[in-house]
Every structure is written in structure tokens, then in C-alpha cells.
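A short worksheet on the structure shown next.
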Amino acid sequence: MIPIAPFPLAGSAALVCAFGLAIGSFLNVVVHRVPAGMSVVSPASACPVCGHAIRGRDNVPVLSWFTLRGRCRDCGTAISSRYPLVEAATALLFLLVGAVFVLAPWSPLRTSLPGVQGVAHGATVLAAYLFLMAVSVALALIDIDTHTLPNRIVLPTSVVLPVFLTLAATLADDWGAVLRGVIGLLGLAGVYLALALAVPGGMGLGDVKLAGVLGFALAYLGWGPLAVGSFGAFFLGGIFSIVLVVTRRVGRRTGIPFGPWMLGGAWLGIFFGAPIWAAYLGVLGVA
């Protein structure tokens, strides 16, 4: 387990927030450019109206938007408040990942691994799930905007995440976690594929591929997180859909992007799946 002390913990939280702000700024670029088939590296960010490149001092996450009063320095065009909101939300979500993984009694970082080995294992697991959180923010926003889950994001994630977690399992000599991950990948992707085939137009292949990624991430942590995270997607998505129908925001046949609910359910399982599953088994009397 990663050693915990008050000052390093506060300093680490500040670093995680700063890192999250920077990643959030980059995710704004990803969300805008990936669906359009553009590079996320070049050209440099510029005002879409006047074309002036954004200056370095105007590209500080959150702060610059307030300094500029939400307008382009050169032409005065309004800048969407979504930009600072995504940056701030990413920082807070990164902080939440760090808090749960470091402090929660059920955290996978609470192992008996000694010294450097324990720190390396913890850092690798934490990096893997911070990466997944960044991907989750980008995919959720893109799916809301375009009703797609781009291969340019999902497919690299399906490689990078298992590689990180396999490395962590190697450090902990926990190959059972990798085996669970593979079973979770195949099982959850299989369920979504069956749904896509059974109800054409209901689930897309993007959902199927994302399900595999989330299945690995959930099952790596245990069967409880997999069960809670899998069910959580349908529970959260179902509740949201019912609310929209009852309030007449959408019709019964209106398509609603399911990716955000897959991701939300998965994070419910990642964060709290272990204690929820234990409580459920306790109610059944089989714990």
C-alpha cells in the first residue's frame, strides 16, 4: 500500500487537481476535434471565429476563462462555459479517483507489498484508472454530442488499460486479477453484442467495444465491482430515460446515448462495487 501522511496527502491532492485541470483542457480539444476527424496535436488551438491563435496566458485552465470574462481576447466572441466546466470537473473526478483508491478500506492499493514494489504497484493501478477517467469524460461528452463512441479513443484504450493493469498484476503477482479481467471483457462485451443483435438500432458496436474495456476494468477489481458496474449502467440509464419520458423531454422511440450511463455505472462499480456487493450478499445471507 502507498504510505499515507497528512502533508504528502495534501500535496498529492493539489498535484492531482493540477494534473486534472491540464488533462481537462486537453479533453476539450479531444471532444471538439476527434468527431470531426481532426488531429488533436496540430494545429494549435485558435478562435473558431477570428482564427487568432490562443495565447499561452489565455490557455490556463479555468482561470483564463474568468480573466477573459468568457470572451475571445481578439474578437470578443463568447467562449462556451463548457470549457472551464470540463476542466474543473476533470480535476474533481481525478481527485475522487485518488481519494477512493488511496483512502477507501476496500481499495486495491491496500496490499501487503513491501516498499518500492508496493509503491510501484499502487502508482500503476492509479495511473490506469486515472487514464480511464480521462477517457470516460471524453467519451461521455462525445456520445452526448454526436451519439458515437469513436474508435480513435475506444480501440487504443482497449490496449492501454489492460497493459497497465497487467503490469500492476505482475508487480503484485496477482494473475487471478488479469484472468478475471479477461472474463469480464468477454462476458460484458458478449452481453452487449447479444443486445445489439437482438434489438437492431438499440445498441451500437461502439457500445459493444466500450463494454469490453469496462468489463476488464471492473472485473480486475473483483466480481462485485463487475456485477454492480454492469447493472448500474442499465439502472442509471433506465431511471434517466423514465424521467425524460415522464417530463415529455423525449418520446418513447427517441434515441438516447447509452455510453455516458455505461461509464457512470462502471465508475459506480469501480468506486463502491465492493462494499455494495458485500452488503447485497449479506442481505441474502451468503456473505
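- Two different hydrophobic clusters hold L68 and I54 under the rule that ILVMFWY side chains link at heavy-atom gaps under 4.5 Å.
- In this structure, the side chains of F235 and I239 come closer than 4.5 Å at one or more pairs of heavy atoms.
- No donor-acceptor pair under 3.5 Å is formed between the side chain of S25 and the backbone N or O of V60.
- In this structure, R69 places its CZ atom where only 12 or fewer heavy-atom neighbours from other residues, nucleotides or ligands lie under 6.0 Å away.
- Put simply, L214 and L186 are part of the same group of oily side chains (I, L, V, M, F, W, Y) that touch within less than 4.5 Å, one to the next.
- Among all heavy-atom pairs drawn from P225 and L218, the shortest one is O-CD2, 3.3 Å.
- When side chains are defined from C-beta on, L195 does not count as touching V199, because their heavy atoms never get closer than 4.5 Å.
- Taken together through direct or relayed side-chain contacts under 4.5 Å among Ile, Leu, Val, Met, Phe, Trp and Tyr, L95 and F19 form parts of separate hydrophobic clusters.
- Note that the OG atom of S45 and the CZ atom of R33 stand 5.0 Å from one another [nearest 0.5 Å].
- Once rounded to the nearest 0.5 Å, the distance linking CD1 of I276 with CG of L281 reads 12.0 Å.
- Linking ILVMFWY side-chain heavy atoms closer than 4.5 Å, directly or via other members, places L96 and F94 in a single hydrophobic cluster.
- Of the possible polar contacts, one joining the W106 side chain to the F271 backbone as a donor-acceptor pair under 3.5 Å is found.
- When every heavy atom of V62 is checked against every heavy atom of P84, the shortest pair comes out as CG2-O, 3.7 Å.
- Scanning all heavy atoms of the two residues, the minimum distance from I153 to P156 falls at O-CD, 3.4 Å.
- Distance CD1/I270 to CG/L226: 10.5 Å, rounded to 0.5 Å.
- The side-chain heavy atoms of W261 and F234, taken from C-beta on, include no pair separated by under 4.5 Å.
- Between G259 and D143, the shortest heavy-atom distance links the atoms N-OD2, 2.9 Å.
- Between M262 atom CE and M203 atom CE the span is 7.0 Å, to the nearest 0.5 Å.
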Distance-only check: which donor-acceptor pairs under 3.5 Å involve side-chain atoms of residues 116-142, not counting sequence neighbours?
residue: Q117; atom: NE2; partner: L171; partner atom: O; Å: 2.5
residue: T124; atom: OG1; partner: A120; partner atom: O; Å: 2.7
residue: Y129; atom: OH; partner: A217; partner atom: O; Å: 2.7
residue: S136; atom: OG; partner: L132; partner atom: O; Å: 2.7
residue: S136; atom: OG; partner: W267; partner atom: NE1; Å: 2.9

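- A 6.0 Å sphere centred on CG of L205 holds no more than 12 heavy atoms belonging to other residues, nucleotides or ligands.
- Looking at S158, its side chain does come within 3.5 Å of a backbone N or O of L155 through a donor-acceptor pair.
- In this structure, K209 NZ and L149 CG are separated by 9.0 Å, a value rounded to the nearest 0.5 Å.
- In this structure, the ring of W65 has its center no less than 6.0 angstrom from the ring center of Y83.
- With R180 contributing its side chain and Y220 its backbone, the two residues share a donor-acceptor pair below 3.5 Å.
- For G184 against A219, the heavy-atom pair with the smallest separation is CA-CB, 3.8 Å.
- Hydrophobic cluster membership is shared by F101 and L103, with clusters built from Ile, Leu, Val, Met, Phe, Trp and Tyr side chains linked at under 4.5 angstrom.
- In this structure, W277 has its ring center under 6.0 Å from that of Y280.
- Separation of atoms SG (C50) and CZ (R73) is listed at 12.0 Å; rounding is to 0.5 Å.
- Using modelled atom types, one side-chain atom of T67 and one backbone atom of L63 make a donor-acceptor pair closer than 3.5 Å.
- The minimum heavy-atom distance linking P35 with V30 is given by the pair CD-O, 3.8 Å.
- Between the side chain of D74 and the backbone N or O of H52 there is no donor-acceptor pair closer than 3.5 Å.
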